[in-house]
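Beneath this line is the structure, given in structure tokens, with notes to follow.
Index from 1, following the sequence. Since we're looking at a predicted model, the values are computed, not measured.
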Amino acid sequence: MRVRVRFAPSPTGYLHVGGARTALFNWLFARHTGGTFILRIEDTDRKRSADRYEKAIIDDLRYLRLDWDEGLDIGGKYGPYRQSERFPLYKEYAKRLLKERKAYYCYCTEEELGKRRKEALGRGQRPGYDGRCRRLTEKEIKKHEKEGRRPTIRFKVPKRRVVVSDLVRGEVTFKARALGDFIILRSDGVAAFNFANIIDDMSMGITHVIRGEDHLSNTPRQILLYQALGIEPPKFAHISMILGPDRARLSKRHGATSITEYRKKGYLPEALVNYLALLGWYPPDGEEINSIEELVKEFSLGDVSKSPAVFDNQKLNWMDGHYIRSSSLEKISDLAIPYLKETGYLKGRITQTKKKWLLKVIEATRTHLEYLAQVPKETEVFFTKEIKISKEGKEILKQESSKRVLSTLKNKLKKIKEITDKNFKPLMKGIEKETGYKGKDLYLPIRFVLTGKNRGPELHFILPILGKKECLRRLSSLEGLRLTVYRKR
């Protein structure tokens with residue numbers, strides 16, 4: 001049978017990295033097997049669902065380059081692909097279970113259920129529905145209806161064991177009795193998660209359900225529903241949870257957790273996809289850097305680990321930095337422009353001259369980049385109006401050796417037309433020969449007077465990019481160690 005998988009997020013918040021990994025594993029499995037990847041939205045939680053979250057989820061999936069074959073914005077013969085538009089289908093199957101006496105109306109109120117849960121806990125018992133509405137008489141039903149009670153529909157759970165044959169975790173056994181008779185249709189007509197989920201999977205021909213380990217406890221209920229409807233359940237694969245470096249469940253306190261946040265910070269999608277793929281799965285050849293084509297070729301559910309995956313921002317930063325350095329300067333330059341405009345470093349139209357200059361700036365700084373939101377800080381030396389020199393820099397610039405180096409640099413700059421990649425090295429050699437200083441004694445004074453820092457882009461980038469006029473301006477502004485920088489580009 002042709003593989004059909006789905007990603008079915010709830011639009012109750014932004015796409016979490018855990019959800020993104022689930023979507024990725026489903027997508028990789030579909031692409032590896034030549035199957036179909038479906039996107040549907042489980043929006044039955046009306047109070048928490050919001051259009052902005054649905055849009056953000058779609059935008060984030062597209063940013064990750066995870067395209068779908070059926071679903072939202074595309075359609076397909078198994079639609080609609082929002083649960084809120086599928087209520088008649090859920091009611092139809094609920095009525096069928098009622099007719100076959102595999103489900104029943106429950107008239108217990110929330111207050112009554114809450115009171116019984118509290119009493120059970122007080123007795124040291126596990127709280128659960130006691131099935132009292134299973135055998136209501138006609139008289140009792142009429143009494144409840146006369147009181148205006150709106151019933152839910154509960155599934156009759158048989159007293160036996162349920163075995164989940166999981167492709168990742170192996171066989172997991174549950175005692176059905178511990179599940180209790182669970183609700184499949186609420187009193188307002190909205191289907192409960194477990195019921196809507198299996199009706200959708202069944203009607204859409206889903207062959208494999210790949211999802212987080214936290215859904216494993218839902219699986220016995222869903223298998224019982226499949227069996228009650230006489231349908232063969234899909235194959236299940238429950239992937240491990242994602243933890244923070246402290247081995248606690250990944251949360252806001254570990255830093256960014258949503259794909260939207262990483263997108264805004266300027267992480268490259270190919271880096272994020274590569275990193276997410278390694279959370280719970282590892283390619284057979286052990287290679288960490290993989291293109292999306294390589295991931296599709298190598299991905300297998302048999303290689304997915306049962307152990308929890310640890311999300312390490314430092315490793316993600318390393319990987320994103322690798323992709324930034326491996327990408328073309330033109331691509332990184334184009335992606336950097338919005339961040340430079342946001343800080344006011346770039347204004348107006350990007351002319352060809354300005355674009356050519358910006359390419360050099362990115363070439364000079366991308367070695368230090370981990371993600372694109374760092375571009376303004378790393379390129380600040382080429383844009384800022386004022387150079388702020390550290391205490392260390394001020395001490396170095398006060399030295400006689402530094403004054404001699406800078407004076408020699410200033411004189412030599414006046415004699416050349418412009419600083420270029422070709423004449424930079426002869427320029428430095430000339431200063432070294434004339435002053436007798438080399439190494440740190442030569443380079444540090446120049447670096448501090450031009451940038452105010454002892455780290456950053458190499459001098460062979462800095463001088464040609466700033467240009468003769470700007471370098472002379474900074475050299476001439478040494479009075480009081482406050483250096484005014486010409487900003488216009």
Would you find more than 12 non-hydrogen atoms of other residues, nucleotides or ligands less than 6.0 Å from [X] atom [atom1]?
{"X": "R101", "atom1": "CZ", "answer": "no"}
{"X": "Q227", "atom1": "CD", "answer": "yes"}
{"X": "R161", "atom1": "CZ", "answer": "no"}

Residues which pass salt bridge (charged side-chain N to carboxylate O under 4.0 Å, His left out) with [X], listed by chain and number, not counting sequence neighbours:
{"X": "D303", "value": "none"}
{"X": "R62", "value": "D73"}
{"X": "R65", "value": "none"}
{"X": "K297", "value": "none"}

Is any side-chain heavy atom of [Y] closer than 4.5 Å to one of [X]?
{"X": "L268", "Y": "S327", "value": "yes"}
{"X": "E171", "Y": "S165", "value": "yes"}
{"X": "L64", "Y": "L24", "value": "no"}
{"X": "C106", "Y": "I153", "value": "no"}
{"X": "L278", "Y": "M319", "value": "yes"}
{"X": "R366", "Y": "L329", "value": "yes"}
{"X": "L167", "Y": "H208", "value": "yes"}
{"X": "R455", "Y": "H368", "value": "yes"}

When rounded to the nearest 0.5 angstrom, what is the spacing between [atom1] in [X] and [atom2] in [Y]?
{"X": "T343", "Y": "K377", "atom1": "OG1", "atom2": "NZ", "result": "13.5 Å"}
{"X": "I210", "Y": "K235", "atom1": "CD1", "atom2": "NZ", "result": "12.0 Å"}
{"X": "L28", "Y": "T33", "atom1": "CG", "atom2": "OG1", "result": "10.5 Å"}
{"X": "S328", "Y": "I362", "atom1": "OG", "atom2": "CD1", "result": "11.5 Å"}
{"X": "E363", "Y": "S333", "atom1": "CD", "atom2": "OG", "result": "11.0 Å"}
{"X": "I259", "Y": "Y267", "atom1": "CD1", "atom2": "OH", "result": "11.0 Å"}

Donor-acceptor pair, [X] side chain versus [Y] backbone, under 3.5 Å?
{"X": "E85", "Y": "R82", "answer": "no"}
{"X": "N274", "Y": "E270", "answer": "no"}
{"X": "R96", "Y": "L229", "answer": "yes"}
{"X": "T384", "Y": "E380", "answer": "no"}

Side chain to side chain contact (heavy atoms under 4.5 Å, CB included) test vs T379 passes for just one of V361, L358, I465, namely V361
Can you name the closest pair of heavy atoms from [X] and [Y] and give their distance?
{"X": "Y323", "Y": "S291", "value": "OH-N, 4.5 Å"}
{"X": "D43", "Y": "S84", "value": "OD2-OG, 2.6 Å"}
{"X": "L295", "Y": "V273", "value": "CD1-CG1, 4.0 Å"}
{"X": "P11", "Y": "I41", "value": "CD-CG2, 3.5 Å"}

Which atom pairs, one a donor and one an acceptor, fall under 3.5 Å between side chains of residues 174-199 and the rest of the protein, sequence neighbours left out?
{"residue": "D181", "atom": "OD1", "partner": "R134", "partner atom": "NH2", "Å": "3.2"}
{"residue": "D181", "atom": "OD1", "partner": "V157", "partner atom": "N", "Å": "3.0"}
{"residue": "D181", "atom": "OD2", "partner": "Y104", "partner atom": "OH", "Å": "2.7"}
{"residue": "D181", "atom": "OD2", "partner": "R134", "partner atom": "NE", "Å": "2.7"}
{"residue": "R186", "atom": "NH1", "partner": "A191", "partner atom": "O", "Å": "3.4"}
{"residue": "D188", "atom": "OD1", "partner": "V190", "partner atom": "N", "Å": "3.0"}
{"residue": "N194", "atom": "OD1", "partner": "Q222", "partner atom": "NE2", "Å": "3.0"}
{"residue": "N197", "atom": "OD1", "partner": "R6", "partner atom": "NH2", "Å": "3.3"}
{"residue": "N197", "atom": "ND2", "partner": "E42", "partner atom": "OE2", "Å": "2.9"}

Show every donor-acceptor pair shorter than 3.5 Å between a side-chain atom in residues 236-243 and any protein atom, with sequence neighbours excluded, or say none if there are none.
{"residue": "H238", "atom": "ND1", "partner": "D166", "partner atom": "OD2", "Å": "2.6"}
{"residue": "H238", "atom": "NE2", "partner": "R211", "partner atom": "NE", "Å": "3.1"}
{"residue": "H238", "atom": "NE2", "partner": "T219", "partner atom": "OG1", "Å": "3.1"}
{"residue": "S240", "atom": "OG", "partner": "S307", "partner atom": "O", "Å": "2.9"}

Test side chain to side chain contact (heavy atoms under 4.5 Å, CB included) applied to D285 - qualifying residues, sequence neighbours left out: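 Residues passing side chain to side chain contact (heavy atoms under 4.5 Å, CB included) with D285: P283, E287.
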| request: With sequence neighbours left out, write down each residue that passes side chain to side chain contact (heavy atoms under 4.5 Å, CB included) with S203, or none if nothing qualifies. | output: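 Side chain to side chain contact (heavy atoms under 4.5 Å, CB included) check on S203 returns R86, L89.
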What verdict does the side chain to side chain contact (heavy atoms under 4.5 Å, CB included) test give for L316 and Y262, after you've listed the backbone C-alpha separation in whole Å, the side-chain angles of each residue and the deciding distance to 0.1 Å? CA-CA 11 Å; L316 172 60; Y262 285 105; 3.6 Å; yes
Residues pairing under ring pair (Phe, Tyr, Trp, His ring centres under 6.0 Å) where one sits in residues 45-97, two or more places apart or in two chains, turn out to be Y14-Y53
In short, ring pair (Phe, Tyr, Trp, His ring centres under 6.0 Å) pairs touching residues 274-300 with sequence neighbours left out are F25-F299, Y275-F311, W281-F299
Practice problem: Test side chain to side chain contact (heavy atoms under 4.5 Å, CB included) on Y105 and I141 and set out the steps. | Solution: CA-CA 9 Å; Y105 287 112; I141 291 173; over 6 Å; no
In sequence, state the C-alpha distance, the side-chain angles, and the governing distance for T365 and F382, and then conclude on side chain to side chain contact (heavy atoms under 4.5 Å, CB included). CA-CA 10 Å; T365 56; F382 301 110; 4.0 Å; yes
side-chain hydrogen bond (donor to acceptor under 3.5 Å, both in side chains) pairs touching residues 148-157, sequence neighbours excluded, are E112-R149, E147-R149
From the list R21, R249, R169, salt bridge (charged side-chain N to carboxylate O under 4.0 Å, His left out) partner of E213 resolves to R169
| said: Closer than 4.0 angstrom, basic N to acidic O: yes or no for D59 and K55? | reply: yes
Practice prompt. Answer yes or no: is there an ion pair linking R31 with D69, defined by an N-O contact shorter than 4.0 Å?
Written response: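 Between D69 and R31 there is a salt bridge, with a charged N closer than 4.0 Å to a carboxylate O.
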| field | Trace of the side chain to side chain contact (heavy atoms under 4.5 Å, CB included) decision for T137 with K143 | value | CA-CA 10 Å; T137 63; K143 178 178 178 294; over 6 Å; no
The complete set of salt bridge (charged side-chain N to carboxylate O under 4.0 Å, His left out) pairs with one or both residues in residues 306-320, sequence neighbours excluded, reads E288-K315
Practice problem: Test side chain to side chain donor-acceptor pair (under 3.5 Å) on Y339 and Q374 and set out the steps. | Solution: CA-CA 9 Å; Y339 297 96; Q374 295 172 334; over 6 Å; no
